[in-house]
Asker: 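After the structure tokens below, expect a handful of questions from me.
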Amino acid sequence: MINPETLVCTRVQQAVAALYGAVDPALVQVSKTRKEFEGDYTLVTFALLKTSRKSPEATAQEIGQWLTANAPEVCAFNVIKGFLNLSLTDGFWNGMLSEISGDDRYGFAPPSDRTVMVEYSSPNTNKPLHLGHIRNNLLGYSVAEILKANGHNTLKVNLVNDRGIHICKSMLAWQKFGDGETPESSGKKGDHLVGDYYVAFDKAYKAQIKELTANGMPEEEAKKQAPIMLEAQQMLRRWEAKDPEVYALWERMNGWVYDGFEQTYRSLGVSFDHTYYESNTYLLGKEIVQKGLESGVFFRKEDGSVWIDLTADGLDQKLLLRGDGTSVYMTQDLGTAVERFDQYRLDDLVYVVGNEQNYHFQVLKLILDKLGYAWAGHIFHLSYGMVELPEGKMKSREGTVVDADDLMAEMVATAHEMAQEMGKLDGLNSEEVDQISRTVGMGALKYFILKVDPRKTMLFNPKESIDFNGNTGPFIQYTHARIKSLARRAAGQGIDPTGWIDLQRTLEPKETELIKLLAEFAPAVRQAGNEYSPAVIASYAFELAKEFNQYYHDYPILKEEVAAADKRFRTGLAVEVARILKRAMGLLGIEVPERM
RNA sequence: GGUUCCGUAGCUCAGCUGGAUAGAGCAACAGAUUUCUAAUCUGUAGGUCUAGGGUUCGAAUCCCUACGGAAUCACCA
């Protein structure tokens with residue numbers, strides 16, 4: 001299917017070639033005409049003046065005349081300063097609409113035979129997920145869906161950080177203060193329960209530091225000597241030695257956490273094709289270090305630790321293996337990257353990880369490149385900004401985090417309340433009520449997060465709860481629901497909107513605008529894929545919904561006074577809008593209801 | 001201090017491969033409903049695009065400098 005903007009570009013190139021001789025296609029700048037001017041697409045002529053050797057106005061006039069005479073799709077033009085505004089025929093737009101409606105995969109690219117892995121979520125198992133994780137999960141899921149829509153074979157993976165000192169802290173605190181508490185005995189969600197003990201550890205730790213410093217020990221020393229910290233470190237060593245008692249406790253408590261995460265993931269609507277556990281992967285990468293040593297990319301210090309010197313690249317020296325031979329974060333990331341590219345024959349690997357790790361990924365790519373892996377340039381760090389509260393950054397240990405489960409429950413409850421107040425839920429059974437509340441509440445949350453550019457730090461103010469009006473998920477969902485309601489009514493009147501195509505039909509300006517927007521869906525999906533940005537899709541969906549609401553307000557569709565042919569056409573157009581809204585929102589992981 | 005990212009309306013954000021008079025939403029104010037679903041629509045008001053310089057016919061957009069903010073520069077992950 002041809003994109004109208006591309007078509008106009010091609011036509012202009014033909015015109016310029018016929019009038020002035022061949023030009024560099026890059027000089028042909030076509031964009032959508034601004035709303036305040038007459039026309040569909042605009043050619044900016046300034047870049048062409050060297051070729052035409054005429055004034056901007058004269059150039060625009062000549063090209064406009066050539067196009068109306070020779071390009072079948074162009075029916076009119078006007079010139080304002082150096083801008084040539086072109087109007088396409090209703091026949092063209094009608095044809096466009098019928099092509100879109102006839103393509104049940106419209107907007108999705110054909111298979112690209114590229115395989116792309118998206119790693120996201122990657123939680124620690126010592127505490128429940130919070131708002132920052134929500135952004136990560138929604139971004140990862142959505143980006144994967146967008147890449148899929150771009151035709152790529154896509155793998156979603158999660159790398160769970162299930163080992164390390166932080167888990168030992170929770171374990172130790174549970175042993176000391178837990179009194180055998182379990183999710184079953186307390187009714188607490190497993191990840192929350194384990195998180196509570198992480199907090200308990202920190203409390204006890206701080207108390208011990210205070211005591212030690214009160215007795216005259218310097219604070220730095222106290223942090224190292226606090227008995228509970230020494231115990232945690234001891235526990236980590238026992239875990240690494242696979243001490244059966246510690247290992248069993250670790251498995252048990254991690255199990256609780258996984259049950260909790262599972263529930264959160266289900267509420268969020270995210271999923272994974274494969275889950276990695278660091279306890280299985282943390283030893284990977286050591287042979288790569290060996291290889292790097294042999295090839296001279298890495299070097300060994302006196303204490304036996306292995307490093308790479310990146311000072312020539314403007315970075316620092318980076319540790320790759322400790323003196324005792326154990327691996328660090330970078331070691332295992334090198335290992336997993338190599339394993340993944342080998343195992344899945346990846347073309348691209350996308351890491352959805354916060355911007356606090358920009359440096360790490362910069363180094364990772366550089367090292368892989370120096371080791372000679374040709375695919376190093378195909379690693380992409382989708383670096384997203386932090387979610388901040390009005391008071392600043394969230395801190396788990398200070399209890400200022402916005403808990404993921406709480407927030408979702410609150411959103412759903414708010415959606416329920418509002419719907420009830422507006423009487424939207426009258427006559428529905430409780431299952432439908434729950435379903436709609438969940439869809440709308442989660443839609444509001446997801447859209448709120450995904451509409452902003454991933455790179456940017458975003459602000460969340462819990463006191464001014466997330467909106468349900470304006471540029472929001474529910475606004476788009478509502479537009480969809482209204483169209484569905486319209487479609488049901490049409491069916492009741494025996495109106496079949498399929499097959500309404502009439503190339504001779506005269507279009508209202510708003511109808512042309514809607515078709516133009518529908519035609520922009522495919523390019524939007526491509527752009528979102530190239531930029532790894534769900535925000536592109538969110539903006540698109542909002543534009544389309546807003547445009548439709550204006551149209552629906554101004555033009556009757558199924559009212560009595562409307563002629564039969566108009567009823568059919570307008571219903572058909574509306575149904576197309578609903579279909580694309582649903583598809584766009586699907587790329588964001590947002591459901592759209594049939595009614596609300 | 002080095003590196004990277006960000007700075008657009010009171011607030012939250014679009015626009016950034018250079019193009020016409022910088023756009024939305026929220027909040028404020030004024031309207032539209034015996035509803036084809038008002039979770040909607042219309043209008044008013046709100047701007048030195050942080051500042052200064054440069055490139056250009058043309059700069060919110062590209063380059064430089066300054067200012068302000070964030071992240072990072074661990075034998076944590």
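Proteins come first, then strands; the chains are lettered A, B, ... in the order of their sequence lines, and each starts at number 1. Computed from heavy atoms alone, side chains included, the values below leave out hydrogens, waters and symmetry copies.
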Asker: Kindly give the atom pairs (protein nitrogen or oxygen, nucleotide nitrogen or oxygen) under 3.5 Å for nucleotides 11-15 of chain B.
Answerer:
from, atom 1, to, atom 2, distance (Å)
C13(B), OP1, L459(A), N, 2.8
A14(B), OP1, D453(A), N, 2.4
A14(B), OP2, K456(A), NZ, 2.9

Asker: Keeping to residues at least two apart or across chains, list the salt bridge (Lys or Arg N to Asp or Glu O under 4.0 Å) pairs with something in residues 39-49 of chain A.
Answerer: D40(A)-K516(A)
Asker: Heavy atoms from C-beta onward define the side chain here; which of A39(B), U40(B), U4(B) lies closest to that of V440(A)?
Answerer: A39(B)
Asker: F542(A) stacking on A24(B): centroids under 5.5 Å, ring planes under 30°?
Answerer: no
Asker: Quick one: list whatever passes salt bridge (charged side-chain N to carboxylate O under 4.0 Å, His left out) with E576(A), sequence neighbours left out.
Answerer: R579(A)
Asker: Among the nucleotides C36(B), A77(B), C73(B), which one has an atom lying closest to any side-chain atom of N124(A)?
Answerer: A77(B)
Asker: Could you walk me through whether E36(A) and R34(A) pass the salt bridge (charged side-chain N to carboxylate O under 4.0 Å, His left out) test, one step at a time?
Answerer: CA-CA 6 Å; E36(A) 59 264 38; R34(A) 286 190 168 215; 3.3 Å; yes
Asker: Roughly how many Å apart are C16(B) and C73(B), using the C1' atom of each and rounding to a whole number?
Answerer: 29 Å
Asker: Taking only residues two or more places apart in sequence or in another chain, which ones pass side chain to side chain contact (heavy atoms under 4.5 Å, CB included) with A565(A)?
Answerer: none
Asker: Under 3.5 Å for both distances, Watson-Crick or G-U wobble, that's the pair rule; now give the dot-bracket for RNA chain B, with | marking pairs to another strand and [ ] for crossing ones.
Answerer: (((((((..((((.....[...)))).(((((.......))))).....(((((..]....))))))))))))....
Asker: A22(B), OP1 or OP2 - any side-chain N/O from R34(A) closer than 4.0 Å?
Answerer: no
Asker: Could you state the NE2-C1' distance from H360(A) to C73(B), rounded to the nearest angstrom?
Answerer: 14 Å
Asker: Dump every N/O contact between nucleotides 58-63 of chain B and the protein below 3.5 Å, one line per pair.
Answerer:
none

Asker: If you only use heavy atoms from C-beta on, which nucleotide in C41(B), C36(B), A71(B) is closest to the side chain of I557(A)?
Answerer: C36(B)
Asker: For the side chain of A419(A), starting at C-beta, report the closest nucleotide among A20(B), A39(B), A70(B).
Answerer: A39(B)
Asker: Does the ring of Y276(A) carry R340(A) above it, NZ/CZ under 6.0 angstrom from centre and within 45° of its axis?
Answerer: yes
Asker: Would you indicate what K559(A) reaches in the nucleic acid, counting non-hydrogen atoms under 4.0 angstrom: base, sugar-phosphate, or nothing?
Answerer: base
Asker: Classify D333(A) by what it touches in the nucleic acid, base, sugar-phosphate, or nothing, heavy-atom distance under 4.0 Å.
Answerer: nothing
Asker: Going by salt bridge (charged side-chain N to carboxylate O under 4.0 Å, His left out), name the residues that satisfy it together with E511(A), two or more places apart in sequence or in a different chain.
Answerer: R570(A)
Asker: What is the distance, rounded to the nearest whole Å, between atom CG of D316(A) and atom P of C75(B)?
Answerer: 11 Å
Asker: Quick check for you: among G19(B), A77(B), A20(B), whose closest atom lies nearest to any side-chain atom of V44(A)?
Answerer: G19(B)
Asker: Closest to the K424(A) side chain: A77(B), C26(B), A39(B)?
Answerer: A39(B)
Asker: Going by salt bridge (Lys or Arg N to Asp or Glu O under 4.0 Å), name the pairs with one or both residues in residues 556-568 of chain A, residues two or more places apart or in two chains.
Answerer: R505(A)-D566(A)
Asker: Among residues 300-310 of chain A, which contact RNA chain B at a heavy-atom distance under 4.0 Å?
Answerer: D303(A), S305(A), W307(A)
Asker: Of all residues at least two apart in sequence or in a different chain, which pass the salt bridge (charged side-chain N to carboxylate O under 4.0 Å, His left out) check with K456(A)?
Answerer: none
Asker: Hey, mind stepping through Y359(A) and D316(A) against side chain to side chain donor-acceptor pair (under 3.5 Å) and telling me if it holds?
Answerer: CA-CA 10 Å; Y359(A) 183 73; D316(A) 304 297; 3.1 Å; yes
Asker: Please tabulate, for the side chains in residues 440-453 of chain A, all donor-acceptor contacts under 3.5 angstrom to protein atoms that are two or more places apart in sequence or on a different chain.
Answerer:
from, atom 1, to, atom 2, distance (Å)
K446(A), NZ, L268(A), O, 2.8
K446(A), NZ, G589(A), O, 2.7
Y447(A), OH, N471(A), OD1, 2.6
Y447(A), OH, A538(A), O, 3.2
K451(A), NZ, N471(A), O, 3.4
D453(A), OD1, R455(A), N, 3.0
D453(A), OD1, R455(A), NE, 3.4
D453(A), OD2, R455(A), NH2, 2.8

Asker: Apply salt bridge (charged side-chain N to carboxylate O under 4.0 Å, His left out) to R482(A) and list each qualifying residue two or more places apart in sequence or on a separate chain.
Answerer: none
Asker: Taking the side chain of F46(A) as its heavy atoms from C-beta onward, which of A77(B), A20(B), G19(B) lies nearest to it?
Answerer: G19(B)
